[in-house]
Amino acid sequence: MPKHSRLFTYSFLFLTLSSSNSQLLNPQAPWSLSNYSRPPWLTLPVTNPTKSFWIDKPGVNPLAREGSTGTLGFGDEDVDVCVIGSGITGISAVYHLQRLLDAQGIDKKVVVLEAREFCSGATGRNGGHLTRNFFHDFGSRESHYGTENAKKSYLIEEHVATSIVNIIHSHGLVDAVDLVQGDHITLFFEDEEARLALRDYKDAQAHGLDLTGVEFLDRGAMMERYGVDYPGVFFPSHNLWPLKLVTLLYDSSLSRSSSKVKLHTLTPVTSVLPSTLEGHTFPQRESKWTVETPRGSLNCNNIIHATNAYASYLLPQYQDQIIPTRGQMAALRAKSSLDRLLHHSWGANWGYEYWFPRPEEISDSVETRNPPLVLLGGGRDTAGPMQEQYTMDDSVISEKVSKTLNRFLPELWNGTDLFEEGREPEMEWTGIMGFTSNGEPIVGPIPELDGQYIAAGFTGHGMPRAFAAAEAVAGMIVAKLTNKEWKAPEWLPEHYLTSWNY
Ligand SMILES: *[C@@H]1O[C@H](CO)[C@@H](O)[C@H](O)[C@H]1NC(C)=O
Ligand SMILES: *[C@@H]1O[C@H](CO)[C@@H](O)[C@H](O)[C@H]1NC(C)=O
């Protein structure tokens, strides 16, 4: 859920848990995956998640239960592309599929399958930041993946931020999705954090990355401008209402003329089996995969796993690579008006905490303006040694994390009247992020499963990456459907790809 998540650390806590009561997957399936077992933490999304500000406000989620009853798919017809997951990745994939297919003048059938309500995974439960990373981690990426791929890791985020902002503007929906060009400040609580950031900044600059608008501020400048006694770095960024963006992307895909799209919420995919497997006979034999749900099954020629943290439920081969990690958010009422709080989004403490004030309660008279809600996430570092890893249960909140979050802002701005000590949050919720061992997403065709693709593992930094990961996978599928060779976009880091050899 974070903006930068733990993008810059990780990989120290990745234990592989073994279990005695694990359940063997599809023991009859005639392919290699049958040899994986499912550890107890690896589940479908729970059915009673905590209520999130973004998706549970009355009236904000018109697609919440779309397609949850009635005929699955298009009757007996095979589906060209089944997308599993209706968060920003899945719906971006639909958006790009439609756009690319339209450009070729062909129409195909696309079905989206969502386990819970529309957009109820991490996209509907995150921090709401569209904060691209400008330079953090440049040095380490350069040493691991080479200079070109390191540079592309920033270009892809620039591509996403620019594309999303342009889509919102071109539909005239800036207010509808609460897009705020608020910029971002990362605070450095520790000297080491500031030192590494400056080093990465200089490396990125030396390699020609565009760092326009990035400004390092020392303690004096931070105190003067923002009343905070830590150094930091300021850079351009946006915040928005993620569900509303995803709804816009879905609606705008539907309004395209040619291809047929169907969305089925409350329809968890429980397994994906080869259509030729014994016991599965279908009128149209060319379909490759059978996707099973409690409502029946669908035949799909291509599948996109847009399930982020949950990906390994259906793809157990990723269980050591994508670690479900619970993030927690709080909606806290500030004590001062937005005029004093300012519109910026913030991050601090190695990316553990992240927040911004909602652009709400706007009124013409300064006196009657209510203090805004501030949406604050983080606190995993105080949750205990596992830091909320290896759980898919977002039906609960952690009391320890609650305490950390409730204290955080009054403590940071102690001595001011921006926040009130001891004020209870108006909402608290959790969501499950998919952390990879190197912090980078996993994108592309799944080895040995012809026709299945993955775009997952966004490591709490999905808003500025998922849209493009979906674009890459949609491009691969459209190339296949049109018998063309797929050409990687110039912004796609090779090390995101499933073909990357570590
Ligand atoms: C799966 O396990 C079976 C039985 O233990 C073994 O014969 C088979 O070779 C294994 N398949 C793979 C791909 O590892
Ligand atoms: C603010 O500072 C005062 C004085 O140092 C301290 O007593 C108080 O606990 C602090 N409040 C918070 C919320 O940290």
Side-chain angles (χ1 to χ4, degrees), residues 1-6 9 50 52-53 126-129 131 182-195 197 216-234 239 326-361 369-385 387-388 396-430:
M1 330 211 80
K3 18 144 304 263
H4 315 131
S5 69
R6 303 276 39 234
T9 32
T50 44
S52 144
F53 175 88
N126 66 13
H129 298 242
T131 299
D183 303 324
H184 186 92
I185 299 156
T186 296
L187 294 177
F188 306 124
F189 287 179
E190 294 174 19
D191 292 344
E192 179 65 357
E193 211 182 338
R195 191 187 67 77
F216 279 79
L217 298 164
D218 63 19
R219 279 174 68 171
M222 286 296 299
M223 187 47 113
E224 194 183 320
R225 286 196 208 177
Y226 306 111
V228 192
D229 198 14
Y230 294 103
V233 59
F234 175 100
N239 60 72
R326 184 167 57 208
Q328 187 162 322
M329 294 286 305
L332 294 144
R333 185 71 59 187
K335 202 175 167 201
S336 292
S337 71
L338 199 50
D339 304 317
R340 292 201 44 221
L341 285 165
L342 307 175
H343 272 295
H344 306 308
S345 63
W346 298 77
N349 185 25
W350 299 96
Y352 273 112
E353 280 76 38
Y354 42 93
W355 68 97
F356 69 87
R358 290 269 313 135
E360 57 179 6
E361 324 284 357
R369 268 178 215 175
N370 283 326
L373 269 184
V374 175
L375 302 188
L376 166 69
R380 277 194 310 110
D381 53 333
T382 61
Q387 300 209 349
E388 303 288 83
V396 293
I397 59 165
S398 149
E399 290 303 329
K400 282 185 185 162
V401 170
S402 273
K403 283 210 179 88
T404 305
L405 293 179
N406 294 350
R407 263 200 314 256
F408 186 81
L409 294 170
E411 218 168 271
L412 185 58
W413 271 287
N414 197 352
T416 75
D417 59 355
L418 292 185
F419 296 95
E420 183 184 316
E421 204 180 330
R423 186 177 278 192
E424 290 292 314
E426 297 187 7
M427 281 183 91
E428 290 175 281
W429 66 95
T430 48

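Numbering of ligands and ligand atoms starts at 1, following listing order. Computed from a predicted model, the values in this text were never measured in an experiment. In what follows, residues are counted from 1 in the order of the sequence shown. These values consider heavy atoms only, across backbone and side chains, with no hydrogens, waters or symmetry-generated copies.
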- [ ] Determine, using ring centers only, whether Phe189 and Tyr230 are less than 6.0 Å apart.
- [x]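 Ring centroids of Tyr230 and Phe189 are less than 6.0 Å from each other.
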
Task: Protein contact to atom 14 (O) of ligand 2 [nearest heavy atom, distance to 0.1 Å] - done: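 Sorting protein heavy atoms by distance from atom 14 (O) of ligand 2 puts Glu411 CG, 3.1 Å first.
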
Task: Taking atom 13 (C) of ligand 2 as the reference point, the nearest protein heavy atom with its distance - done: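 Answer, as residue, atom name and distance: Glu421 CD, 3.2 Å.
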
Task: Leu187 CG to Tyr226 OH distance, which is reported to the nearest 0.5 Å - done: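 Interatomic distance, Leu187 CG to Tyr226 OH, rounded to 0.5 Å: 10.0 Å.
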
Task: Distance in Å, Phe356 CZ paired with Trp346 CH2, rounded so as to fall on 0.5 Å steps - done: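 Interatomic distance, Phe356 CZ to Trp346 CH2, rounded to 0.5 Å: 14.5 Å.
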
Are any of the protein's heavy atoms under 4.0 angstrom from [atom], yes or no?
| atom | result |
| --- | --- |
| atom 10 (C) of ligand 2 | yes |
| atom 2 (O) of ligand 2 | yes |
| atom 5 (O) of ligand 2 | no |

TODO: Report, in ascending order of atom number, the atoms of ligand 2 lying under 4.0 Å from any heavy atom of Asn414.
DONE: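 Taking each heavy atom of Asn414 in turn, ligand 2 has 1 (C), 2 (O), 3 (C), 8 (C), 10 (C), 11 (N), 12 (C), 14 (O) under 4.0 Å.
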
Task: Any donor-acceptor N/O pair, Thr50 side chain to Thr430 backbone, under 3.5 Å - done: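 Yes, because the side chain of Thr50 sits within donor-acceptor range (under 3.5 Å) of the backbone of Thr430.
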
- [ ] Starting from the C-alpha separation in whole Å, work towards a yes-or-no answer on ring-ring contact (aromatic ring centres under 6.0 Å, His included) for Phe188 and Trp350.
- [x] CA-CA 7 Å; Phe188 306 124; Trp350 299 96; 8.7 Å; no

